[in-house]
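Step one of this worksheet: look at the structure below.
Every chain is numbered from 1 and lettered A, B, ... according to where its sequence line falls, protein lines coming before strand lines.
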Amino acid sequence: MSDPVLSVKDLKTHFFTRAGVVKAVDGVSFDLAEGEIMGLVGESGSGKTVTGFSLLGLVDAPGRIVSGSVRLKGTELTALTDSELRSRRGHDISMIFQDPIATLNPMLTIGQQMRMAIDAHERLSARAAESRAAELLTQVGIPSAKERLRAYPHEFSGGMRQRVAIAIALLHRPAVIVADEPTTALDVSIQAQILFQMRDLARETGTAMVWISHDLAVVSSLASKLAVMYAGRIVEQGPTATLLRDPRHPYTAGLIASLPAMAAPGTPLTQIPGTTPSLLSLPAGCPFAPRCDRATDLCKADPDMTHQDNRGWRCFHPVTRTAEVPA
Amino acid sequence: MSSFLSIDNVSRLFGPNLTTGEKIAAKLGSKVETRSVRAVSDVSLSVRKGETLGLVGESGCGKSTLGRLIAGILPPTSGSVTIDGKPVMESGTKVTTRVQTVFQDPFASLDPRMKVGDTVAEGPIAHGLTTKGAARDYVAGWFERVGLDPVWADRYPHQFSGGQRQRIAIARALAMQPDVLICDEPVASLDVSIQAQIINLFLELTRDLELTCVFISHDLSVVQHVSDRVAVMYLGRIVELGPVAEVFGTPAHPYTSALFGSVPKLVLDADELVHFETIDGEVPSPLSPPSGCYYHPRCPLASAQCSAQQPATQPVAELRAVACHHFEQQLAKASA
Amino acid sequence: MKTASTPLGRFWAEFRENKVAVVALVVVILMMLLALFAAFVSPQNPYDMANLSLMDSRRPPGFVGSGGYTHLLGTDPQGRDLLSAIFYGLRISIQIGLAAGIVSLSLGTTLGILAAYIGGRVETLIMRAVDLQLSFPAILLALVIVAMLGQGKAQLIGALVAAQYAYFARTAYGAAKAERGKDYIEAALATPMSGRLVVLRHLLPNCTPPLIVVATVQIANSISLEATLSFLGLGLPVTEPSLGMLISNGFPYMMSGRYWISFYPGVALIILIVAINLVGDQIRDQFNPRLRK
Amino acid sequence: MLGFIIQRFLQAVVVMAVMSVIVFCGVYAIGNPIDIVIPPEATQEIREAAIRRLGLDLPLYKQYFIFMGNLLQGDLGRSFVYNVPVLELIGGRLPATLELVLISVISATVLGVSLGVYAGYRPESWISKTIMGVSVLGFSVPSFWVGLILILFFAVNLGWLPAGGRGETVEIWGVAWSFPTLDGLSHIVLPAVNLALFKLAMMIRLARAGTREIMLTDTIKFARAAGISEGTILRRHLLKLISIPILTVFGLELGSTLAFAVVTETIFSWPGVGKLIIDSIGVLDRPVMVAYLILVAFLFVTINFVIDLVFALIDPRVRQGATS
């Protein structure tokens with residue numbers, strides 16, 4: 001296997017708030033190969049979005065990356081100056097956001113916004129820039145792209161605006177795209193269209209993707225590997241099918257088991273007790289222990305990632321029995 | 001089938017509210033949107049006592065509006081909603097407490113400046129279900145019922161997590177001792193691990209209290225799990241209705257089929273990536289819906305008849321109905 | 001750190017962290033106390049003509065007058081001890097500012113919330129009138145009204161209210177309109193509960209934060225506007241000078257170097273207004289959900 | 001778009017009609033002007049003749065219609081006091097006020113927006129904190145007192161600048177202007193600073209608040225994620241997005257400054273319409289008051305209408321009728 005295009009080692013991003021230090025990302029590591037799609041799954045407050053922003057060096061005050069390494073195509077991003085980092089963003093690594101209504105500037109045409117994104121990295125003639133922009137719009141499935149360049153965002157539907165945002169992210173053929181729940185705000189029928197298209201785009205262009213989502217079903221049909229986040233760290237990672245069929249971390253197992261599809265209609269669902277912990281007052285040791293029915297005294301210490309084959313988990317008492325899979 | 005909750009030919013229009021200037025401009029020949037939106041169009045449903053009816057569809061299909069019409073929050077433009085033969089609204093005002101609502105976002109549905117216990121007690125006191133003096137115990141009972149510690153009644157909403165807030169919202173609705181509960185996307189804004197808790201609570205309560213329910217959700221798997229029957233909406237109309245297993249198992253409407261096909265499912269065994277069955281195009285603007293069957297521009301089975309004539313709702317099997325000219329063709333495809 | 005559980009407790013805990021705002025709040029309270037107890041802290045009753053001697057007029061700070069005490073800030077053209085006149089003037093300014101603020105708050109809030117809650121023609125009618133008035137400068141309105149009604153405290157307050165209620169109405173309307181669309185109002189109405197109850201128990205309390213912000217700004221504005229009107233000679237009678245009147249009285253002597261008659265009342269006025277605005281700023285920042293983490 | 005313009009135009013016309021009624025009735029409720037025009041020792045006949053001549057014997061609504069009829073023909077009546085056509089009186093003084101107001105508001109906006117954007121962009125820097133401190137002061141200190149202090153300091157103590165008057169003027173298109181001459185310019189500095197200070201503070205606060213909110217939006221984050229430089233983000237995104245609230249306030253402020261000039265003109269003896277109106281209120285010169293108020297209302301409505309048109313030009317959502 002070739003070198004990973006993106007390699008994250010022990011990334012820590014903390015927010016220094018009035019109420020205390022919020023360890024939003026606390027020791028995240030993963031590798032991403034060319035053209036690979038990794039699903040980064042977690043609930044709200046698990047640190048998945050902050051991880052995404054950290055990869056691009058876009059953490060707003062009072063947060064900052066306190067340690068760890070993000071290597072993109074061999075370059076250490078955390079060591080770059082602001083302007084060096086800027087020249088990478090949008091060029092080698094770009095990002096798509098959840099709410100397509102909020103991401104585009106309502107006062108500028110699609111063409112102007114795409115032109116700005118092109119000019120940020122390349123000197124192109126007006127004509128070349130326009131044809132590049134139109135080409136990308138066509139690629140993401142926007143008909144009569146040349147005319148649409150002169151349209152304003154409000155003239156597009158939500159799904160179409162998200163396609164525009166994707167086109168902007170793809171303008172410079174980045175090696176990695178970080179996608180932060182880009183289909184959550186869209187209708188299922190539009191979501192399906194976009195998921196399908198993104199998968200093809202990744203395959204065609206060799207762009208690797210970090211697909212952030214709270215929805216296991218979405219990433220399971222898209223990503224070839226998964227990382228499950230809980231309380232600022234990855235608690236389990238591995239190839240999608242293996243991980244979903246045979247989860248080792250009790251949290252992953254609980255998440256899968258709690259899906260309505262996993263129980264017969266009308267019967268009680270398997271539920272994870274308790275609530276997601278506040279990142280300000282994390283318990284010592286394994287953060288999942290208070291909600292975990294397998295927890296013992298051992299869990300008062302913090303488990304390290306156990307690696308086996310191409311997967312890993314952070315648990316002293318991993319689930320070993322293969323989960324029963326109803327047809 | 002004895003109907004407990006009846007929705008008869010209910011429609012709701014949202015007017016365009018033109019300004020005087022726009023009216024003049026329209027007269028001068030300028031293009032101005034003048035059509036009103038028919039958010040819910042001639043919907044009839046009947047729900048048996050103790051039954052849970054799921055209401056599914058994409059955003060803008062009118063499922064939330066229909067929920068509000070049933071709950072007596074919005075008055076219908078025409079048609080009526082009755083519970084056990086008695087109307088929910090009379091001349092634009094809600095006249096019953098027998099139907100209560102659980103809203104989508106528990107962060108917005110609780111008054112941030114009121115102690116949660118007071119929020120729960122408010123309605124029952126106003127309607128004589130309890131007294132000011134007895135309210136504490138009354139609320140405590142409902143708190144326990146929904147799995148909350150009664151001592152939390154003196155706290156404010158911001159001190160609770162999303163799941164706990166949704167429990168409070170459920171307690172508020174149930175404290176009014178309703179017969180009918182409208183749940184408008186009650187788990188959509190909750191974390192996955194919390195969703196299961198609330199769904200379980202919902203199943204337990206509807207069974208124990210013999211509640212009749214309308215459960216609105218865009219998440220088909222949730223609806224599939226909690227409902228007895230399901231109604232599928234598209235652009236303000238109900239396109240298909242029937243028992244959950246049958247509707248999702250062998251969809252009689254091409255839209256139901258496509259909607260179900262485009263929902264990402266948890267793929268456990270595929271090392272090769274799944275193929276999505278996607279619907280082409282987007283939901284048309286409700287301001288200018290297509291002619292005939294609203295779904296025909298996106299429908300693979302569409303014929304000339306579909307663009308000319310709106311399909312009537314017709315029975316398919318026992319308890320099942322569909323509004324499609326080509327449902328037999330669709331059924332054949334689905335069972336194949 | 002202990003987190004307070006009541007909304008007010010949390011509010012104060014956050015407020016306390018801005019030292020400038022706390023100092024400003026202390027200053028506001030102090031000045032209100034000074035105004036309240038002006039009779040006890042002033043060396044002289046400036047409204048008692050019998051106390052005044054023209055011998056003492058326009059004396060510089062530090063002058064020992066016929067009363068036998070030092071005029072720390074000098075005297076005005078009528079021979080008043082300026083420090084005493086400032087304390088009493090402060091009282092009038094605060095009285096008028098508060099009165100105008102409270103009346104416009106009540107009037108504006110009622111109109112704004114009614115417009116937002118009832119909607120339809122009532123909404124159109126009220127808000128058109130309010131917007132019309134808002135587009136017209138407050139000072140001009142106050143000028144014309146004072147000219148119409150004549151001079152006096154009640155007339156002045158009337159003019160200030162007429163000039164300012166529209167700001168409250170706009171704010172209350174905006175807040176109520178936003179809150180009206182939220183589910184908790186919907187939930188209360190869907191119980192069903194009477195509109196009156198929902199307005200009083202839910203809508204009004206949730207509209208207070210922006211109204212408090214506007215109230216602080218508008219009280220400061222009332223005080224400033226009153227001073228301006230007095231300066232233009234359209235405020236209160238000369239016998240009971242407010243701060244603005246004191247400044248106005250000193251204006252003609254400024255060119256000849258007797259700056260203190262206008263200067264010190266101005267300083268008092270500014271300290272008061274700046275302090276109120278600083279408190280208002282902090283409250284505004286605390287209430288702005290978009291700036292919160 | 002057309003609907004939007006027609007709507008705004010209709011609103012403007014209605015506003016003007018309502019304003020004229022209010023102003024007319026309001027002003028006519030004030031005092032009895034006869035006492036000022038006619039010497040107290042005049043006979044009853046002279047008084048009655050004067051009342052008839054001025055049309056004061058007619059019912060109020062008739063007086064209003066006569067007034068409106070004349071107004072539409074460009075005749076606003078004659079001043080009771082100066083006995084010249086009001087239009088001439090106001091027209092002669094308007095340029096001085098307009099000159100002062102435009103210079104103040106434009107410089108306050110340009111400077112205020114720049115400082116405010118900076119303070120919003122780097123809210124934690126000490127420069128920003130200083131800017132905000134100064135703006136709280138500018139916002140709080142009553143304008144007339146600032147005027148006094150400016151005179152005290154720059155005119156009396158330092159003697160650098162004149163304390164009042166318009167100085168040397170130059171005629172352009174038959175109208176006298178101060179700004180082209182050095183002397184005129186030196187006369188305009190203090191009143192302009194005085195008038196601009198409050199507006200400056202306000203623009204700073206507005207621009208800062210707008211900037212802070214916009215910088216937190218996904219639009220800016222997305223632009224950063226696309227590698228667009230901070231300079232471009234500020235120039236192309238921020239300025240464009242912030243222009244809408246700024247423009248709204250600019251329009252409102254242009255009007256209110258026109259009114260506030262009353263104070264500044266009084267302090268600096270600036271011979272504009274503001275000083276005229278204060279004097280007229282003092283002597284109950286009704287035609288001047290009515291004309292002035294209607295003029296201000298008209299300017300207001302016109303400014304607002306123009307601002308709406310500009311909105312339609314810069315905001316594609318308004319232009320294409322996508323507003324709700």
Side-chain angles (χ1 to χ4, degrees), chain C residues 20 24 128-129 131-132 134-141 143-150 217 220-221 223-234 243-244 247-248 250-251 254-257 259 262-263 265-267 269-278 280-281 284-285 288 290-291, chain D residues 11 14-15 18-19 22-23 26-31 123 132-133 136-137 139-149 151-153 155-157 163 205 209 212-213 216-217 251-253 255-260 262-263 266-267 277-278 280-282 284 289 292-293 296-297 300-301 303-304:
Chain C
V20 179
R128 277 289 145 76
D131 282 344
L132 175 67
L134 274 181
S135 69
F136 211 70
I139 177 115
L140 254 188
L141 211 66
L143 263 180
V144 173
I145 290 172
V146 168
M148 253 164 67
L149 301 178
V217 173
N221 265 351
I223 293 173
S224 171
L225 206 54
E226 179 275 324
T228 307
L229 288 175
S230 293
F231 176 78
L232 293 174
L234 290 164
L243 292 176
I247 298 169
S248 176
F251 185 37
M254 193 162 245
M255 300 297 176
S256 54
Y259 68 92
S262 282
F263 185 76
V267 171
L269 187 65
I270 287 163
I271 291 175
L272 178 63
I273 297 174
V274 169
I276 296 177
N277 277 336
L278 282 174
D281 267 6
R284 178 201 309 267
D285 281 355
N288 188 344
R290 292 217 238 178
L291 297 180
Chain D
Q11 280 173 5
V14 172
V15 166
V18 174
M19 281 316 274
I22 294 175
V23 163
V27 169
Y28 273 69
I30 306 173
M132 289 321 292
V136 172
L137 219 60
F139 197 67
S140 305
V141 181
S143 180
F144 70 93
W145 195 76
V146 176
L148 299 187
I149 298 305
I151 290 179
L152 178 68
F153 201 68
V156 179
N157 285 358
R205 292 161 77 92
R212 281 185 75 180
E213 283 187 5
L216 292 175
T217 59
L252 283 175
E253 285 311 299
S256 88
T257 312
L258 214 58
F260 229 90
V262 171
V263 179
T266 308
I267 299 169
I277 185 69
I278 283 288
S280 305
I281 288 178
L284 291 180
M289 287 162 76
Y292 172 75
L293 289 175
V296 170
F300 245 101
V301 167
I303 291 168
N304 284 337

Heavy-atom cut-off 4.5 Å, strictly under: side chain, backbone, both or neither for [X] against chain C?
X	answer
A155(D)	neither
I278(D)	side chain
M132(D)	neither
V301(D)	neither
I303(D)	neither
F153(D)	neither

- Message: Report which part of D281(C) has an atom under 4.5 Å of a heavy atom belonging to chain D: side chain, backbone, both, or neither.
- Response: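 For D281(C), the side chain is the part near chain D, not the backbone.
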- Message: Using heavy-atom distances under 4.5 Å, tell me whether A227(C) contacts chain D through its side chain, its backbone, both, or neither.
- Response: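 Its backbone and side chain both get close to chain D.
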- Report yes if the side chains of I273(C) and P142(D) come closer than 4.5 Å at any heavy-atom pair, otherwise no.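 The answer is yes; the side chains approach within 4.5 Å.
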- Query: Should L232(C) and F144(D) count as side-chain neighbours, where that means a heavy-atom distance under 4.5 Å?
  - Reply: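 They are not in contact (no side-chain heavy atoms under 4.5 Å apart), so the answer is no.
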- Query: Between V217(C), L269(C), N277(C), which shows the greatest number of heavy-atom pairs under 4.5 Å with chain D?
  - Reply: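 With the most close heavy-atom pairs to chain D, the winner is N277(C).
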- Message: For F263(C) and W145(D), take the angle between the two ring planes, folded into 0 to 90°, and tell me which bin it lands in: parallel under 30, tilted 30 to 60, perpendicular over 60.
- Response: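 F263(C) vs W145(D) ring planes: tilted.
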- Pick one: which of I270(C), I223(C), V274(C) meets side chain to side chain contact (heavy atoms under 4.5 Å, CB included) with S140(D)?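 Only match with S140(D) under side chain to side chain contact (heavy atoms under 4.5 Å, CB included): V274(C).
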- What residue, out of I22(D), V141(D), V14(D), has the most heavy-atom pairs lying under 4.5 Å from chain C?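 Among the listed options, the one with the most contacts to chain C is V141(D).
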- Task: May I ask you to name which of T257(D), I151(D), L293(D) has the most heavy-atom pairs under 4.5 Å with chain C?
- Result: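 Most heavy-atom pairs within the cutoff with chain C belong to L293(D).
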